[in-house]
Amino acid sequence: MSIFIKEVLENKFEVTIKKISVTKHTILLSDEFYEFLSNKKISKIKLLKYSIKFLLKKESNTSILPIFKLEIISEYFPDYESEIRKLIK
């Protein structure tokens with residue numbers, strides 16, 4: 001499996017996940033949510049990578065929404081923020 005992340009616009013990222021199937025996703029990451037979750041201890045790219053890996057533990061890449069704001073993950077998976085914070089420490 002491989003994950004490729006590219007910033008296409010400020011706070012807008014294109015993510016390609018190559019697993020059994022190849023999927024593309026557009027993820028929006030606001031500065032406010034980035035600071036809230038990471039306290040700027042890691043880069044936005046790293047936060048996205050952690051987040052995608054978190055999602056892939058919960059569902060297949062073909063089940064991940066094609067476009068979404070990163071903060072929506074916790075609406076589907078309440079443990080998201082706490083799990084990501086554990087990785088950042």
Side-chain angles (χ1 to χ4, degrees):
M1 178 201 61
S2 54
I3 300 168
F4 301 96
I5 301 170
K6 176 182 171 186
E7 188 168 11
V8 290
L9 290 172
E10 186 176 342
N11 300 330
K12 183 177 182 180
F13 298 83
E14 182 181 280
V15 178
T16 303
I17 304 168
K18 292 184 179 180
K19 219 171 172 184
I20 294 170
S21 298
V22 176
T23 57
K24 290 190 182 235
H25 312 270
T26 300
I27 303 176
L28 307 173
L29 174 55
S30 69
D31 290 334
E32 294 80 16
F33 188 69
Y34 164 67
E35 291 171 20
F36 166 76
L37 191 56
S38 72
N39 205 22
K40 295 186 176 180
K41 291 182 179 179
I42 60 172
S43 68
K44 287 182 177 181
I45 298 282
K46 189 111 176 157
L47 177 58
L48 286 165
K49 193 164 265 194
Y50 284 164
S51 299
I52 293 297
K53 287 180 178 181
F54 171 86
L55 285 173
L56 290 170
K57 289 179 185 175
K58 306 281 187 178
E59 60 188 0
S60 70
N61 62 321
T62 56
S63 296
I64 296 173
L65 295 171
I67 183 167
F68 62 96
K69 292 181 179 180
L70 198 67
E71 58 262 34
I72 202 171
I73 295 173
S74 57
E75 292 178 22
Y76 295 93
F77 304 105
D79 60 331
Y80 165 67
E81 291 178 14
S82 62
E83 290 299 313
I84 294 300
R85 284 194 175 107
K86 285 178 193 173
L87 294 171
I88 293 171
K89 287 186 176 181

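Between Ser38 and Ile88, the closest heavy-atom pair is CA-CD1, 3.7 Å. Counting all heavy atoms, side chain and backbone alike, Ile3 lies closest to Lys49 at O-NZ, 3.8 Å. Across every non-hydrogen atom of Phe36 and Arg85, the tightest pair is O-NH2, 3.1 Å. Residues Ile72 and Tyr76 share a closest heavy-atom pair of O-CD1, 3.4 Å.
Under the side-chain contact (heavy atoms from CB on, under 4.5 Å) criterion, Glu14 pairs with Val8, Thr16, Lys24, not counting sequence neighbours. Taking the side-chain contact (heavy atoms from CB on, under 4.5 Å) definition, one finds that Glu10 meets it with Asp31, sequence neighbours left out. For Ser82, the side-chain contact (heavy atoms from CB on, under 4.5 Å) partners two or more places apart in sequence, or in a different chain, are Asp79. Here Tyr80 pairs with Phe54 under the ring pair (Phe, Tyr, Trp, His ring centres under 6.0 Å) rule; sequence neighbours left out. Legend: residues meeting side-chain contact (heavy atoms from CB on, under 4.5 Å) with Thr26, ordered by chain and number and at least two apart, are Lys12, Ile67.
How far CZ of Phe13 is from CG of Leu28: 9.5 Å, rounded to the nearest 0.5 Å. The structure places CE of Met1 at 8.0 Å from CD1 of Ile17, a figure rounded to the nearest 0.5 Å. Rounding to the nearest 0.5 angstrom, the gap separating the CG atom in Leu37 from the CD1 atom in Ile73 is 9.0 Å. Rounding to the nearest 0.5 Å places CD1 of Ile84 at 7.5 Å from CD1 of Ile42. Interatomic distance, Ile27 CD1 to Ile64 CD1, rounded to the nearest 0.5 Å: 7.5 Å.
Using a 4.5 Å cut-off on side-chain heavy atoms (C-beta onward), Tyr50 and Lys86 make no contact. Between Ile52 and Val15 the shortest side-chain heavy-atom distance falls below 4.5 Å. Looking at Glu59 and Phe77, their side chains come closer than 4.5 Å, going by heavy atoms from C-beta outward.
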Determine, step by step, whether Lys44 and Asn11 satisfy the side-chain hydrogen bond (donor to acceptor under 3.5 Å, both in side chains) criterion, reporting the C-alpha distance in whole Å, the side-chain angles of both residues, the deciding distance to 0.1 Å, and the verdict. CA-CA 9 Å; Lys44 287 182 177 181; Asn11 300 330; 2.3 Å; yes
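Between the side chain of Asn61 and the backbone N or O of Ser21, at least one donor-acceptor pair lies under 3.5 Å.
Among residues at least two apart or in separate chains, there is no salt bridge (charged side-chain N to carboxylate O under 4.0 Å, His left out) pair with a member in residues 65-77.
Two different hydrophobic clusters hold Val22 and Leu56 under the rule that ILVMFWY side chains link at heavy-atom gaps under 4.5 Å.
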